[in-house]
Undergrad: 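Take a look at the following structure, please.
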Amino acid sequence: MTFDRSIKIAPSILAADFANFGAECEAIEAQGADWVHVDVMDGHFVPNISFGPATCAAIRPHIKGVMDVHLMISPVDPYIDAFASAGADVITAHVEAGPHIHRTLQAIRAAGAKAGVALNPGTPAEAVAHLLDLTDLVCVMTVNPGFGGQKFIDMTDKIRTLRAMIGDRPVHIEIDGGVDVKTAPSVAQAGADVLVAGSAVFRGGSVSDPAPYGDNIRAIREAAAGVYV
Ligand code: DX5
Ligand code: ZN
């Protein structure tokens with residue numbers, strides 16, 4: 001994985017056909033997805049259960065590019081090796097998931113993955129002030145995690161603050177939740193470079209009719225680039 005600040009669209013497979021993850025991952029990559037965002041939920045840290053490391057390992061051969069694993073689980077540390085072995089390129093843990101996020105980020109890097117740290121909407125940017133040299137990605141949640149298809153919560157100020165805090169460090173800013181053609185411009189302008197989108201990418205398409213995925217990805221990318229601003 002090389003670092004740059006160009007806009008990357010990361011479809012969340014939470015909005016894909018769960019009976020067909022392999023084909024869905026191949027379809028979104030063929031349609032222009034930059035990263036594949038994989039949402040892991042435990043029914044404890046968030047009020048929903050999705051899937052775990054075995055599913056990540058099963059879909060890995062169907063992803064050519066970056067597998068971006070977002071852990072909405074607590075505790076995190078006992079499962080880091082399982083997700084790294086499953087082939088995650090990025091493993092993101094929530095700052096709210098336990099008392100030792102610093103140790104968690106060290107452990108993710110030690111397992112050979114890029115380390116991400118996620119912030120719930122109620123958590124300030126300053127929560128990562130002492131973590132920026134240990135992290136490769138800060139994920140700003142623009143919904144309360146747990147479900148796809150929720151309404152976007154404006155976190156523009158937080159994104160700007162983080163962008164200034166990060167400075168020249170090679171740290172991505174990822175936005176997760178309610179990203180679509182309407183909300184992408186403001187987050188991109190504030191300094192985000194990875195845009196997660198579930199419902200806005202998978203809407204209208206399917207494995208047998210994947211062209212709408214491409215239209216949706218292009219529309220979000222162009223919106224973020226300011227074409228429609
Ligand atoms: C929320 C997840 C998100 C979500 C994005 O808990 O982390 O990745 O599925 O889905 P949309 O784009 O539909 O809000
Ligand atoms: Zn996510």
Side-chain angles (χ1 to χ4, degrees), residues 7-18 21 24-25 28 31 33-53 55-56 59 63 66-74 76 79 83 88-97 108 113-123 135-155 158-159 172-188 192-205 212-213 215-217 219-221 223-224:
I7 294 291
K8 290 159 283 293
I9 309 295
S12 162
I13 60 165
L14 200 60
D17 174 3
F18 270 46
F21 275 148
E24 290 276 42
C25 290
I28 52 176
Q31 294 293 325
D34 299 292
W35 292 10
V36 177
H37 185 82
V38 180
D39 284 309
V40 176
M41 303 179 179
D42 67 351
H44 168 71
F45 179 68
V46 290
N48 193 10
I49 299 175
S50 58
F51 46 76
T55 303
C56 294
I59 65 176
I63 300 173
V66 172
M67 183 159 96
D68 174 34
V69 177
H70 177 193
L71 298 182
M72 288 163 274
I73 67 173
S74 174
V76 175
Y79 303 103
F83 286 102
D89 296 290
V90 182
I91 299 176
T92 296
H94 271 260
V95 78
E96 307 87 1
I108 293 171
K114 299 283 184 191
V117 59
L119 299 173
N120 280 336
T123 304
T135 193
D136 302 290
L137 175 149
V138 179
C139 174
V140 177
M141 295 303 301
T142 39
V143 297
N144 285 295
F147 303 94
Q150 301 184 81
K151 194 176 169 333
F152 178 83
I153 303 167
D154 185 5
M155 292 280 132
K158 193 193 288 188
I159 301 165
H172 297 289
I173 298 182
E174 175 176 76
I175 308 302
D176 190 3
V179 173
D180 59 17
V181 288
K182 287 199 214 68
T183 56
S186 64
V187 299
D193 63 295
V194 185
L195 307 187
V196 175
S199 28
V201 166
F202 284 93
R203 182 175 299 143
Y213 296 168
D215 296 339
N216 295 337
I217 289 168
I220 298 167
R221 195 190 303 284

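For clarity, every value in this text was computed on a predicted model and none was experimentally measured. Counting starts at 1 for both ligands and their atoms, in listed order.
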Undergrad: Taking Thr142 for its side chain and Asp176 for its backbone only, find out whether a donor-acceptor pair lies under 3.5 Å.
TA: yes
Undergrad: Go through the side-chain N and O atoms of His94 and Glu96 and say whether any donor and acceptor fall under 3.5 Å apart.
TA: yes
Undergrad: Dump the intermediate steps for side-chain contact (heavy atoms from CB on, under 4.5 Å) on Leu14 and Phe18, then the final yes or no.
TA: CA-CA 8 Å; Leu14 200 60; Phe18 270 46; 3.9 Å; yes
Undergrad: Heavy atom under 4.0 Å from ligand 1: found in Pro145's side chain, backbone, both, or neither?
TA: both
Undergrad: Of Val140, Val194, Ile175, which meets side-chain contact (heavy atoms from CB on, under 4.5 Å) against Val187?
TA: Ile175
Undergrad: How close does the nearest protein non-hydrogen atom get to atom 9 (O) of ligand 1, and which residue and atom is it?
TA: Leu14 CD2, 3.1 Å
Undergrad: With atoms numbered from 1 as shown, which atoms in ligand 1 lie under 4.0 angstrom from a non-hydrogen atom of Met72?
TA: 6 (O), 7 (O)
Undergrad: Can you list the atoms of ligand 1 that are under 4.0 Å from a heavy atom of Val196?
TA: 8 (O)
Undergrad: Should Trp35 and Glu174 be marked as a side-chain contact (heavy atoms from CB on, under 4.5 Å) after you check the CA-CA gap, both sets of side-chain angles, and the distance that decides it?
TA: CA-CA 11 Å; Trp35 292 10; Glu174 175 176 76; 4.2 Å; yes
Undergrad: Counting N and O atoms only, with roles assigned by atom type, does the side chain of Thr92 sit under 3.5 Å from a partner on the main chain of His70, one being a donor and the other an acceptor?
TA: no
Undergrad: Which atoms from ligand 1 have a heavy atom of Ala197 less than 4.0 Å away?
TA: 12 (O)
Undergrad: Is a side-chain donor or acceptor of Gln150 paired with a backbone partner of Asn144 at a separation under 3.5 angstrom?
TA: yes
Undergrad: Below 3.5 Å, N or O to N or O, backbone or side chain included: is there any such pair between Asp39 and ligand 1?
TA: yes
Undergrad: Measuring from non-hydrogen atoms of Ala15 to any atom of ligand 1, is the shortest distance under 4.0 Å?
TA: no
Undergrad: What's the verdict on salt bridge (Lys or Arg N to Asp or Glu O under 4.0 Å) for Asp180 and Arg203, showing C-alpha distance, side-chain angles and the deciding distance?
TA: CA-CA 11 Å; Asp180 59 17; Arg203 182 175 299 143; 5.5 Å; no
Undergrad: Taking both backbone and side-chain atoms of Met41, is any N or O found less than 3.5 Å from an N or O belonging to ligand 1?
TA: no
Undergrad: With heavy-atom distances below 4.0 Å as the criterion, list the atoms of ligand 1 near His37.
TA: 8 (O)
Undergrad: Closer than 2.8 Å to the Zn ion (ligand 2), what protein N/O/S atoms do you find?
TA: His37 NE2, Asp39 OD1, His70 ND1, Asp176 OD2
Undergrad: Do you know which of Ile59, Ile28, Asp68, Val69 makes side-chain contact (heavy atoms from CB on, under 4.5 Å) with Val36?
TA: Ile28
Undergrad: side-chain contact (heavy atoms from CB on, under 4.5 Å) with Val95: which of Asn120, Val138, Leu119?
TA: Leu119
Undergrad: Among Asp34, Leu195, Val181, whose side-chain contact (heavy atoms from CB on, under 4.5 Å) with Arg221 holds?
TA: Asp34
Undergrad: What I want to know is whether Gly198 and ligand 1 share at least one N or O pair that is separated by under 3.5 angstrom.
TA: yes
Undergrad: If the cut-off is 4.0 Å to any non-hydrogen atom of His70, which atoms of ligand 1 fall inside it?
TA: 7 (O)
Undergrad: Of all the non-hydrogen atoms in the protein, which one sits nearest to atom 1 (C) of ligand 1, and at what distance?
TA: Phe147 O, 3.6 Å
Undergrad: Please determine if Asn144 has a nitrogen or oxygen closer than 3.5 Å to a nitrogen or oxygen of ligand 1.
TA: no
Undergrad: What protein heavy atom sits nearest atom 13 (O) of ligand 1, and how far away is it?
TA: Ser199 OG, 2.5 Å
Undergrad: Keeping Asp42 on the side-chain end and Ser74 on the backbone end, is there a donor-acceptor pair under 3.5 Å?
TA: yes
Undergrad: Considering only protein heavy atoms, which is closest to atom 4 (C) of ligand 1, and at what distance to one decimal place?
TA: Asp176 OD1, 3.8 Å
Undergrad: Do side-chain atoms of Asp193 reach the backbone of His172 as a donor and acceptor pair under 3.5 angstrom?
TA: no
Undergrad: How far is atom 14 (O) of ligand 1 from the closest protein heavy atom, and which atom is that?
TA: Gly178 N, 2.8 Å
Undergrad: Please round to the nearest 0.5 Å and tell me the distance separating atom CD of Gln31 and atom CG of Asp215.
TA: 7.5 Å
Undergrad: Take His37 and Asp39, measure what side-chain hydrogen bond (donor to acceptor under 3.5 Å, both in side chains) needs, and give me the verdict at the end.
TA: CA-CA 7 Å; His37 185 82; Asp39 284 309; 2.9 Å; yes
Undergrad: Against heavy atoms of Ser12, which atoms of ligand 1 measure under 4.0 Å?
TA: 8 (O), 9 (O)
Undergrad: Any atom of ligand 1 sitting under 4.0 Å from a heavy atom of Gly146?
TA: yes
Undergrad: Run the numbers for me: atoms of ligand 1, each under 4.0 Å from some heavy atom of Gly149, listed by number.
TA: 11 (P), 13 (O), 14 (O)
Undergrad: Under 4.0 Å from a heavy atom of Gly148: which atoms of ligand 1 are those, numbered in the order shown and with their elements?
TA: 9 (O), 10 (O), 13 (O)
Undergrad: One pair to check against side-chain contact (heavy atoms from CB on, under 4.5 Å): Phe51 and Val38. What are the steps and the verdict?
TA: CA-CA 9 Å; Phe51 46 76; Val38 180; 3.4 Å; yes
